[in-house]
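Here's the structure we're looking at; comments come further down.
We're numbering straight along the sequence, starting at 1.
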Amino acid sequence: MPGISGLRAWWAERSPAAGAAVMATGVVSVGLHMTGAESVSRVALAMACVSWIALAAEFVLRLVGERERWVTEAESPGALTSVAATAVLGNRISALGRQTLAEALLALAALLWPVLLVLVVRRWRPRMPGAVFLCCVATESLAVLGATLAAAERMAWLAHTALVLFWLGLVLYGLALVRFDMRQVLEGAGDHWIAGGALAISALAGADLLIAGDRGMYLWNDDDRDVLRTVTVALLVLDLVWYAVLLAAEAARPRPGYHVLRWATVFPMGMTAVAALSVGTALGVPWLDRPGRVLLWAAVALWLVVAAGAVRAARAGGRDG
């Protein structure tokens with residue numbers, strides 16, 4: 001059947017960055033859960049789970065049967081979406097109370113993270129696209145899930161480990177920033193938004209660490225908490241600045257049409273919304289709820305647009321961009 005053969009062709013040409021679709025869908029599910037849209041959130045979660053299983057199966061099949069291709073793809077920054085997607089999915093599953101499954105996903109992401117990080121970082125070069133920031137996103141995704149599980153299971157050691165990953169993620173962000181090609185702000189196909197999204201997930205990690213410290217465990221002294229609060233607020237502010245700059249660049253230089261990297265635009269938009277909502281909760285700033293909700297529905301709207309483009313690409317059997 002032409003439709004099936006076209007779908008197979010599209011899937012065979014799938015970029016390793018397609019994991020961003022799971023990240024985007026997962027973070028939208030998290031945001032919808034936080035704003036009370038539970039039914040829609042669970043639909044998004046189901047879609048993210050199905051996509052994750054398909055991508056995980058492809059990951060294993062290529063490792064076993066196409067080792068050379070696997071290594072090539074593992075050395076690209078997009079490979080780190082597998083770590084981030086797994087951790088984001090785990091974070092949403094934790095909110096369902098399924099802590100054992102979330103812990104298993106954290107363990108899997110933690111096993112993948114050092115291997116893929118080393119493979120990717122050693123291939124860094126000057127003037128890279130926005131995917132270079134995935135080193136930060138992957139690291140901070142572990143910090144987020146670690147802090148979430150630490151709060152849920154009262155595990156102080158996991159919170160302290162998450163704090164180390166939080167600071168390491170910020171170091172990696174700085175290293176990535178000096179390699180980022182700023183021309184991508186006007187020319188990027190979608191992954192340039194990760195420059196802001198990496199700050200958003202870092203702010204979320206900071207907020208979750210603060211929340212973990214309020215769950216009956218002694219984690220931080222007053223000085224440590226003040227530093228964490230200040231850095232978390234600064235990260236959210238910088239993220240919102242990036243958001244405004246990137247939105248203005250999209251208006252000045254429109255890039256219509258579907259590209260798989262547009263999933264890497266949905267994720268930062270959704271993550272910015274979730275970060276705003278979480279920081280508001282952690283710091284007791286209720287007025288952040290309104291902008292967080294506005295940003296979330298903007299991300300949902302873009303998710304629908306990008307998903308429609310992905311369906312058309314799959315039916316046509318065309319490439320992802």
Side-chain angles (χ1 to χ4, degrees), residues 26-36 38 41 45 84 87-103 105-106 109-110 136-137 139-170 197-240 270-293 295-296:
V27 78
V28 164
S29 177
V30 170
L32 291 168
H33 166 73
M34 293 177 70
T35 55
E38 188 63 21
S41 172
L45 174 60
V88 169
L89 195 59
N91 195 56
R92 179 63 183 94
I93 287 173
S94 175
L96 295 175
R98 306 290 295 275
Q99 308 307 341
T100 301
L101 179 54
E103 289 167 7
L105 289 171
L106 175 60
C136 171
V137 171
T139 305
E140 296 290 356
S141 71
L142 294 177
V144 169
L145 183 51
T148 299
L149 288 171
E153 299 289 287
R154 304 293 193 273
M155 294 186 287
W157 70 268
L158 187 54
H160 288 120
T161 303
L163 181 64
V164 173
L165 290 166
F166 169 73
W167 292 117
L168 176 59
L170 296 184
L199 293 175
I201 196 172
S202 299
L204 175 60
D208 284 349
L209 286 165
L210 288 168
I211 291 171
D214 294 333
R215 295 294 175 84
M217 295 182 291
Y218 178 75
L219 297 176
W220 336 114
N221 60 36
D222 290 341
D223 289 339
D224 292 338
R225 186 174 178 81
D226 286 344
V227 170
L228 190 54
R229 284 170 60 96
T230 301
V231 172
T232 298
V233 171
L235 288 168
L236 180 60
V237 171
L238 290 172
D239 170 41
L240 292 172
M271 185 55 71
T272 298
V274 170
L277 293 167
S278 297
V279 171
T281 299
L283 303 185
V285 185
W287 61 262
L288 278 174
D289 183 73
R290 186 178 296 275
R293 288 172 180 268
L295 292 171
L296 174 63

* Asked: Got more than 12 heavy atoms from elsewhere within 6.0 Å of CG, Asp222?
  -> no
* Structure fact -> Value for CE (Met155) from OG1 (Thr161), rounded to nearest 0.5 Å, stands at 10.0 Å
* When rounded to the nearest 0.5 angstrom, what is the spacing between CG in Leu199 and OG1 in Thr272? -> 9.0 Å
* Flag side-chain contact, heavy atom, 4.5 Å: Asp239 against Leu235 -> no
* Intermediate values then yes/no, side chain to side chain contact (heavy atoms under 4.5 Å, CB included), Ile201 and Val27 -> CA-CA 10 Å; Ile201 196 172; Val27 78; over 6 Å; no
* Asked: Looking only at atom types and distance, does a side-chain atom of Trp220 sit under 3.5 Å from a main-chain N or O of Val227, one as donor and one as acceptor?
  -> no
* **Leu288 side chain near Leu277 side chain, heavy-atom distance below 4.5 Å** => no
* **Side-chain touch Leu106/Leu158, heavy atoms, less than 4.5 angstrom** => yes
* To do: Would you indicate whether the side-chain heavy atoms of Val279 and Val285 approach each other to under 4.5 Å?
  => no
* Any side-chain heavy-atom pair of Leu145 and Leu165 under 4.5 Å -> no
* To do: Enter the distance from Leu228:CG to Leu163:CG here, rounded to the nearest 0.5 Å.
  => 6.5 Å
* Would a 4.5 Å heavy-atom cut-off, applied to side chains only, mark Glu140 and Leu170 as touching? -> yes
* **Gap between atom CG of Asp214 and atom CZ of Arg225 - 0.5 Å precision** => 4.0 Å
* Asked: For Asp226, which residues count as a side-chain hydrogen bond (donor to acceptor under 3.5 Å, both in side chains) partner, sequence neighbours excluded?
  -> none
* Reference residue Phe166; test side-chain contact (heavy atoms from CB on, under 4.5 Å); the match among Val231, Thr139, Val144 -> Val231
* Do the side chain of Ser29 and the main chain of Ser41 share a donor and acceptor less than 3.5 angstrom apart? -> yes
* Structure fact -> Value for OG1 (Thr148) from CD1 (Ile93), rounded to nearest 0.5 Å, stands at 12.5 Å
* For residues Ala207 and Ala282, report the shortest heavy-atom separation together with the two atoms involved. => O-CB, 3.6 Å
* Would you indicate whether Arg290, at its atom CZ, is surrounded by more than 12 heavy atoms from other residues, nucleotides or ligands within a distance under 6.0 Å? => no
* Out of curiosity, Arg293 CZ to Leu295 CG, how far, rounded to the nearest 0.5 Å? -> 12.5 Å
* Does anything in residues 276-285 pair up under salt bridge (charged side-chain N to carboxylate O under 4.0 Å, His left out), and if so which pairs, sequence neighbours excluded? -> none
